[in-house]
Amino acid sequence: MFEVVKLNAGYQFRNRFVHAVRNVSFKVEDEDFFGVAGESGCGKTTLMLASLGLLKRPGKVISGQVLLDGTDLLSLKVSDLKQIRWKKISLVTQSSMNSLNPVMKIKDQMADVLVKNHGFSKNDAYELVKEKLKLVGITPDRMESYPHQLSGGMRQRVVIAMALLLSPKVIFMDEPTTALDVVVQRSILQQIEELKKKEHFSIVFITHDISLLFELATKIAIMYAGEFVELGEAKSVYSQPLHPYTKGLIEALPSISKDLDKYKSIPGRPLDLALKIEGCPFRDRCSYAFERCEVEKPELRFVDGRWVACHLY
Ligand code: SF4
C-alpha cells in the first residue's frame, strides 16, 4: 500500500553534499506498525521528510519513488499533495509545542486544514475536531484552549487527533513521545495502539529508542549512516539480531535486572555523511570487521527471514 523505492536524499551546502538517505527501500502493509530506529544523525528524520514531500532547501531528493496506492508522491504538484496529506497520509511531529501555533485556539488550528484544503464549512470542521479530540480523551471544552493552557501530554494528544482528522491510511510518527515523562509516554503509546486497532491505520514510527519499537512494532528497520542495515519482523530481530550494529544497540539497552558492569556501548561515533563511504560504513566500529569489509560495501541480502547488510552473512 505504501512503498518507498530506492530513495536518495540529502542536503546541499555549496559544493558539499550530505547524503543523509542512501538507497532506502521499504514497504508498509495495511495496519503495519513499521519502526525505524538508529542513532541521532543516521538519516531517520530526513527519510520521513523526504517520504512526505516535506524536505525543504537545502534538502533535496535525488532519486527514488514514494508510492501510495500506486501514485508516486514525489511526482505530484504541491496542490495535489495537499489533497492527499491528512486524507491518506499524515504526520505526528516530535515536539507538540513547536508544531502547534501558540496564538491560535486548538479548535481553530485543527479546523484550519479542513476548511482551507478540504472544503469543510467551519461548523462541520468544528464537529469533526470535537469528535477526534474525544477519540484521544480530550473533552470538547478544551477546544477553546490555547496550546500553553494544556499539559505536554494533552498537547501531544491534540497533535495525534490532528493527524487523525481525515482518517488517513498511513501516519508517520517522529519520536512522538520524546519530550514527555515516562508515565505520560506510556499512556500515549497505549492510546496510539488502541487508536490503531480502532481506526485501522498503519504507522511508520521513527525513534532512537529501540526498546519502544521492540514492544510496539510489527516490523523494524535499523538505520545506520543513511541506510537500512537490518530489516525484519520486530520479534525475531530482537531475539536474534544479525547485524553487529543491531547487536550493539540491543546490548546497550538498559534493564532493571542487568548489572551495571554488563552494559556495553558501541565504540566510536556515527559517520560524517558528507564523506564518500568505501567498504562497510560500520567497519570502524565493528568488532567483527575483516579485510573484505574495508573494500567492499555489503548489500542488503535476505537471510533467515530478514534483510541484512553484512559480509558475515
Ligand atoms: Fe562488521 Fe564487516 Fe558486517 Fe560491516 S560487513 S557489519 S564491518 S562484519
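All ligand and atom numbering here is 1-based and tracks the order in the structure.
Ion pairing between K105 and E144 holds under the 4.0 Å rule for side-chain N and carboxylate O. E194 and K197 are not joined by a salt bridge, as no carboxylate oxygen comes within less than 4.0 angstrom of a charged side-chain nitrogen.
Short contacts between ligand 1 and L312, defined as distances under 4.0 Å to a heavy atom of the residue, involve ligand atoms 8 (S). Taking a cut-off of under 4.0 Å to the non-hydrogen atoms of H243, the atoms of ligand 1 that pass are 6 (S). For ligand 1 and C293, the ligand atoms under 4.0 Å from any heavy atom of the residue are 2 (Fe), 5 (S), 7 (S), 8 (S). The distance from ligand 1 to the heavy atoms of C280 drops below 4.0 Å at these ligand atoms: 4 (Fe), 5 (S), 6 (S), 7 (S).
The closest protein non-hydrogen atom to atom 5 (S) of ligand 1 is H311 N, 3.3 Å. Nearest non-hydrogen protein atom to atom 1 (Fe) of ligand 1 is C286 SG, 2.4 Å.
Neither the backbone nor the side chain of R292 comes within 4.0 Å of ligand 1, counting heavy atoms alone.
Ring geometry, F17 versus H19: the interplanar angle falls from 30° to 60°, so the pair is classed tilted. Taking the six-membered ring where tryptophan is involved, the planes of F282 and Y224 are perpendicular, since the angle between them exceeds 60° and thus also 30°. Relative orientation of the F290 and H311 rings is perpendicular, given thresholds of 30° and 60° on the angle between their planes.
Atom 1 (Fe) of ligand 1 has no N, O or S atom of C310 inside 2.8 Å of it.
A cation-pi arrangement is absent between K88 and F2 under the rule of less than 6.0 angstrom and at most 45 degrees off the ring axis.
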